**Student:** 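Structure provided below as structure tokens; questions to follow.
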Amino acid sequence: METDRNDIITRIQDRYASMSRSHKKIAAFILEHYDQAVFMTAAKLGENLGISESTAVRFAAGLGYEGYPQFQQALEVWVRSKLNTMQKMHVKYGKSTQSEILNAVLSADMDKIRDTMESLDPAAFETAVDSILEADNIYIIGIRSCEPLADFLGFYLRMIRGNVCLLRTTSVSEIFEQMIRIGRGDVMIGISFPRYSMRTLKAMEFANDRNARVIAVTDSVHSPMNLYSSCNLLARSDMVSIVDSLVAPLSLINALVVALCMKRPQEVKRNLAMLEDVWNNYQVYLHDEINVIGGEPLGQEEPETESAAAGVLRREGRP
């Protein structure tokens, strides 16, 4: 999905890094609550955010609009385009059978993975791997639909190394409370795809200001997530649907986990062995799961679960 470089949201994202503190406050509110902002006058917006009406007017002018009414009109156009998503989906899939929808969606996802393979910067990927392994502490943030991606990455990073903090929050202030000690030597991994999360962007800005290394997992060179990152991992995510396609980002994160495991095979094996002992000692698994490998179910005496990391090491013939 091509981005209109002149639409109001893209203008805000492109100019965010150079905005004043009060203008960033307005930008954050609009990006997170555009459905409310579209009905607000400059006076009402200022009252809601605790700023002056003139500041809201200057914000509009800073984006290249002649005045606040023109700014509000542009926002209305953008919001209306978002409301047409269901219409677009109906045009694409309205006359398709269920089987045709299944094939179309899976084919689209495969195309996104192929596009990601062709466009991903190998040097950036290698830098991300080394940075994660060398970091004193790792902070991971993914909000809304990106939260499962952050959970997945956090789960396996804890298999590989210690000092991994998965940020969970519903407000910007809570994010800062959880990462207040971030600094030089640490790494922040921010995961965000359209609609981009301002809370994620603010966390990455804070990490950058504290001289931590910032890694962005996002969709495009135009993503605002790249403003504060020194390493950008790009994966396609767009789809004509009400649901974001996160197949390519998940594959990218999975590749990152596998690469990390290959760098630290002995440590991963040791951590998995420790976990197995804990599971057995505290009866985490009560022998009611069945694994199947090679068509044969594993017996009770076999480990009941095998993580992706362990599977990689086994397939590679690592000890």
Side-chain angles (χ1 to χ4, degrees), residues 13 16-17 112-143 146 149-167 179 181-194 196-197 200-237 246-268 271 308-309 312-313 316 318:
Q13 292 168 344
Y16 181 83
K112 290 174 181 63
I113 292 177
R114 278 191 288 268
D115 289 345
T116 298
M117 292 171 61
E118 294 172 0
S119 61
L120 185 66
D121 182 2
F125 185 83
E126 187 68 26
T127 297
V129 171
D130 292 338
S131 297
I132 291 170
L133 290 177
E134 296 167 2
D136 296 330
N137 302 283
I138 302 287
Y139 295 84
I140 307 170
I141 184 169
I143 292 174
C146 293
L149 298 177
D151 284 341
F152 183 90
L153 179 58
F155 177 83
Y156 284 108
L157 281 188
R158 283 190 286 267
M159 294 279 194
I160 299 168
R161 50 157 298 152
N163 298 330
V164 176
C165 177
L166 183 60
L167 302 177
M179 56 186 294
R181 293 181 179 84
I182 195 170
R184 191 182 301 275
D186 297 332
V187 164
M188 158 67 78
I189 304 174
I191 306 172
S192 190
F193 294 83
Y196 304 109
S197 166
T200 299
L201 183 61
K202 283 179 175 290
M204 295 169 70
E205 180 182 9
F206 180 71
N208 181 71
D209 290 344
R210 291 296 187 92
N211 297 311
R213 172 160 285 190
V214 181
I215 298 172
V217 180
T218 189
D219 67 316
S220 162
V221 293
H222 302 301
S223 168
M225 298 301 118
N226 301 332
L227 288 173
Y228 303 108
S229 61
S230 57
C231 180
N232 303 321
L233 302 179
L234 307 181
R236 286 280 305 280
S237 70
L246 297 177
V247 170
L250 182 58
S251 291
L252 171 59
I253 290 173
N254 195 33
L256 193 61
V257 170
V258 172
L260 290 165
C261 288
M262 293 299 95
K263 291 270 190 174
R264 296 261 183 99
Q266 294 299 329
E267 187 171 344
V268 173
N271 290 340
V312 168
L313 297 180
E316 292 290 325
R318 299 296 181 101

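Fair warning: this is a prediction, and the values are worked out from it, not measured in the lab.
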**Student:** So, using ring-ring contact (aromatic ring centres under 6.0 Å, His included) as the criterion, who are the partners of Tyr16 when residues are at least two apart?
**Tutor:**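 For Tyr16 there are no ring-ring contact (aromatic ring centres under 6.0 Å, His included) partners, ignoring immediate neighbours.
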
**Student:** Hey, what do you get for CD1 (Ile253) to CG (Leu246), rounding to the nearest 0.5 Å?
**Tutor:**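 Ile253 atom CD1 to Leu246 atom CG measures 9.0 Å (nearest 0.5 Å).
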
**Student:** Looking at every non-hydrogen atom in both residues, tell me the closest pair between Met179 and Leu167 and how far apart they are.
**Tutor:**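 It is SD-CD1, 3.9 Å.
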
**Student:** Any side-chain to backbone donor/acceptor pair from Asn137 onto Gly183? Under 3.5 Å, distance only.
**Tutor:**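 Not confirmed, Asn137 side chain does not pair with Gly183 backbone.
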
**Student:** What verdict does the side chain to side chain contact (heavy atoms under 4.5 Å, CB included) test give for Asp136 and Asn163, after you've listed the backbone C-alpha separation in whole Å, the side-chain angles of each residue and the deciding distance to 0.1 Å?
**Tutor:** CA-CA 7 Å; Asp136 296 330; Asn163 298 330; 6.0 Å; no

**Student:** Any non-hydrogen side-chain atom of Val129 less than 4.5 Å from a side-chain atom of Leu256?
**Tutor:**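 They are in contact (side-chain heavy atoms under 4.5 Å apart), so the answer is yes.
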
**Student:** Of all residues at least two apart in sequence or in a different chain, which pass the side chain to side chain contact (heavy atoms under 4.5 Å, CB included) check with Ala124?
**Tutor:**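 Per chain and number, Ala124 pairs via side chain to side chain contact (heavy atoms under 4.5 Å, CB included) with Asp121, Cys231, Leu233.
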
**Student:** Check Tyr228 against Asn208 and note the closest heavy-atom contact, atom names and distance.
**Tutor:**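 In terms of heavy atoms, the two residues are closest at O-OD1, 3.6 Å.
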
**Student:** Side chains of Ser192 and Thr200: donor-acceptor distance under 3.5 Å anywhere?
**Tutor:**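 Distance-only check fails for Ser192 and Thr200.
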
**Student:** How long is the gap from CD1 on Ile191 to CD1 on Ile215, to the nearest 0.5 Å?
**Tutor:**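 Here the rounded value is 10.0 Å.
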
**Student:** Can Thr116 and Leu234 be said to form a side chain to side chain contact (heavy atoms under 4.5 Å, CB included), step by step?
**Tutor:** CA-CA 7 Å; Thr116 298; Leu234 307 181; over 6 Å; no

**Student:** Is there a side-chain contact between Phe125 and Leu252, using heavy atoms and a 4.5 Å cut-off?
**Tutor:**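 Side-chain contact under 4.5 Å: yes.
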
**Student:** Can you tell whether the side chains of Lys263 and Asp130 come within less than 4.0 Å, N to carboxylate O?
**Tutor:**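 Yes, charged N to carboxylate O under 4.0 Å.
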
**Student:** Any heavy-atom pair between the side chains of Leu149 and Leu250 that's under 4.5 Å?
**Tutor:**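 Yes - at least one pair of side-chain heavy atoms lies under 4.5 Å apart.
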
**Student:** If we ignore hydrogens and angles and just use 3.5 Å, is the side chain of Asn232 paired with the main-chain N or O of Ala216 as donor and acceptor?
**Tutor:**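 Not a single qualifying donor-acceptor pair exists.
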
**Student:** Hey, what do you get for CG (Leu157) to CD1 (Ile138), rounding to the nearest 0.5 Å?
**Tutor:**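 Here the rounded value is 6.5 Å.
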
**Student:** Determine the minimum heavy-atom distance between Cys261 and Ile160, stating which atoms define it.
**Tutor:**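 Taking every non-hydrogen atom into account, SG-CD1, 3.9 Å.
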
**Student:** For Asp186, is there any backbone N or O sitting under 3.5 Å from a side-chain donor or acceptor partner on Arg210?
**Tutor:**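 Absent.
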
**Student:** Where do Ser131 and Val187 come nearest, in terms of heavy atoms and distance?
**Tutor:**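 It is O-CG2, 3.6 Å.
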
**Student:** Can you tell me if Arg213 uses its side chain to pair, donor with acceptor, with the backbone of Ala207 under 3.5 Å?
**Tutor:**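 No.
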
**Student:** May I have all residue pairs that pass salt bridge (Lys or Arg N to Asp or Glu O under 4.0 Å) and include part of residues 151-160, sequence neighbours excluded?
**Tutor:**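 Passing the test, one end in residues 151-160: Asp151-Arg168.
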
**Student:** Rounded to the nearest 0.5 Å, how far apart are CD of Glu205 and CE of Met225?
**Tutor:**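 Here the interatomic distance stands at 11.0 Å.
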
**Student:** As an exercise, state the distance from CD1 of Ile189 to OH of Tyr139, rounded to the nearest 0.5 Å.
**Tutor:**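 If we round to the nearest 0.5 Å, Ile189:CD1 and Tyr139:OH are 12.5 Å apart.
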
**Student:** Hey, could you give me the CZ/CG distance between Phe155 and Leu166, rounded to the nearest 0.5 Å?
**Tutor:**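 Going from CZ on Phe155 over to CG on Leu166, the span is 12.5 Å.
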
**Student:** For the side-chain contact (heavy atoms from CB on, under 4.5 Å) test, which of Leu201, Ile143, Asp219 pairs with Tyr196?
**Tutor:**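 One option only clears the test, and that one is Asp219.
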
**Student:** Considering all heavy atoms of both residues, which atom of Asn226 and which atom of Ser220 are nearest to each other, and what is their separation?
**Tutor:**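 That closest heavy-atom pairing would be ND2-O, 2.8 Å.
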
**Student:** Given side chains that start at C-beta, do those of Met188 and Ile141 come closer than 4.5 Å, heavy atoms only?
**Tutor:**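 The answer is yes, as the side chains (C-beta and beyond) meet within the 4.5 Å cut-off.
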
